[in-house]
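Some notes on the structure that comes next.
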Amino acid sequence: MRSVTYAMNVSLDGYIVGPDGTFDWSAPDEDVFRFWTDETRKLGVHLLGRRLYETMLYWESAEQNPSLDDADREWTAVWNRLPKVVFSRTLSAVQGNARLASGGLAEEIERLRAEPGEGDIAIGGATLAAEAAASGLIDEYRAVVYPVLVGGGIPFFPQGERRVDLELVETRTFNSKFVYLRHRVAR
């Protein structure tokens, strides 16, 4: 069965976006960017909330930008090939290799897990991840931790009164600055 993963860059104090709504502190260096490209290449489908979908729309036409370097071109090709499912109450259409979700998150994940296919089911966006976590649908949490304290904002981990025990599966250090942590939900 395909795993459901939630992966993002995160501040040391646990946020994906700071209190001022920015995430400029999370710009990846060359090694982290390559890592995320390789991780994305392994995915079978990516589930996105509206805000993350709209943020990532840039990449739908980025290949037309002559100033892109080779790493950005590679990322664009990987991202644009990846099937995406967008959850939104306000969008009536989406672009590229994306479709609007036809049902709720749990139903969509159940349907995707039942389909033949390879690659994990990734969840992007804190709101969507919180909904998945509340329903016990996330199998792995993956974070690249940045050496910054932003003091508040949107937390990486869903806030709630539900305890989730995790098993450390993998760690990696990038340039002695960023740390990747991969945890599996203990079931």
For [X] versus [Y], what's the shortest heavy-atom pair and its separation?
| X | Y | answer |
| --- | --- | --- |
| Ala62 | Leu68 | O-CD1, 2.9 Å |
| Val148 | Asp13 | O-OD1, 3.9 Å |
| Lys177 | Thr173 | N-CG2, 4.4 Å |
| Ala126 | Ile154 | CB-CG2, 3.4 Å |
| Gln95 | Tyr53 | N-OH, 2.7 Å |
| Leu128 | Leu105 | O-CD2, 3.6 Å |

Between Tyr141 and Tyr6, what is the ring plane arrangement, given parallel below 30°, perpendicular above 60°, and tilted in between?
->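 Rings of Tyr141 and Tyr6: perpendicular, as their planes differ by over 60°.
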
Please work out which of the three classes, parallel, tilted or perpendicular, describes the rings of Phe33 and Trp59, given edges at 30° and 60°.
->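 Geometry flag for Phe33 against Trp59: tilted rings.
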
Does the ring center of Phe156 lie less than 6.0 Å from the ring center of Tyr15?
->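 For Phe156 and Tyr15, the ring centres are not under 6.0 Å apart.
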
Phe174 ring center near Phe35 ring center (under 6.0 Å) |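 Under 6.0 Å, so yes.
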
Salt bridge (Lys or Arg N to Asp or Glu O under 4.0 Å) involving Arg41 - partner list, sequence neighbours excluded |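 Once residues adjacent in sequence are excluded, the partners of Arg41 under the salt bridge (Lys or Arg N to Asp or Glu O under 4.0 Å) criterion are Asp38, Glu74.
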
Spell out, yes or no, whether Leu137 and Val86 are grouped together once hydrophobic residues are joined by side-chain heavy atoms under 4.5 Å, including indirect joins.
->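 No, Leu137 does not connect to Val86 through the hydrophobic network.
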
Linking I/L/V/M/F/W/Y whenever their side-chain heavy atoms sit closer than 4.5 Å, directly or via other members, would Val145 and Ile138 fall into one cluster?
->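 Cluster IDs for Val145 and Ile138 match.
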
Main-chain N/O of [Y] paired with [X] side-chain donor or acceptor, under 3.5 Å:
| X | Y | result |
| --- | --- | --- |
| Asn9 | Ser26 | yes |
| Ser88 | Leu91 | yes |
| Asp20 | Thr22 | yes |

Verify the neighbour count for atom CD of Glu30: are there more than 12 heavy atoms of other residues, nucleotides or ligands below 6.0 Å?
->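 Counting neighbours around CD of Glu30, 12 or fewer heavy atoms of other residues, nucleotides or ligands fall under 6.0 Å, so no.
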
Do other residues, nucleotides or ligands put more than 12 heavy atoms under 6.0 Å from Glu167 CD?
->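 Check passes, neighbour count above 12.
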
Can you tell me how far the CE atom of Met1 sits from the CG atom of Asp120, to the nearest 0.5 Å?
->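 Atom-to-atom, Met1:CE and Asp120:CG are 12.5 Å apart.
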
Short side-chain donor-acceptor distance under 3.5 Å, Asn80 and Asn97 |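 Note: Asn97 and Asn80 side chains miss the donor-acceptor criterion.
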
Can a donor-acceptor pair be found between the side chains of Arg51 and Thr127 at a distance below 3.5 Å?
->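 There is such a pair (donor and acceptor under 3.5 Å, judged by atom type) between the side chains of Arg51 and Thr127.
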
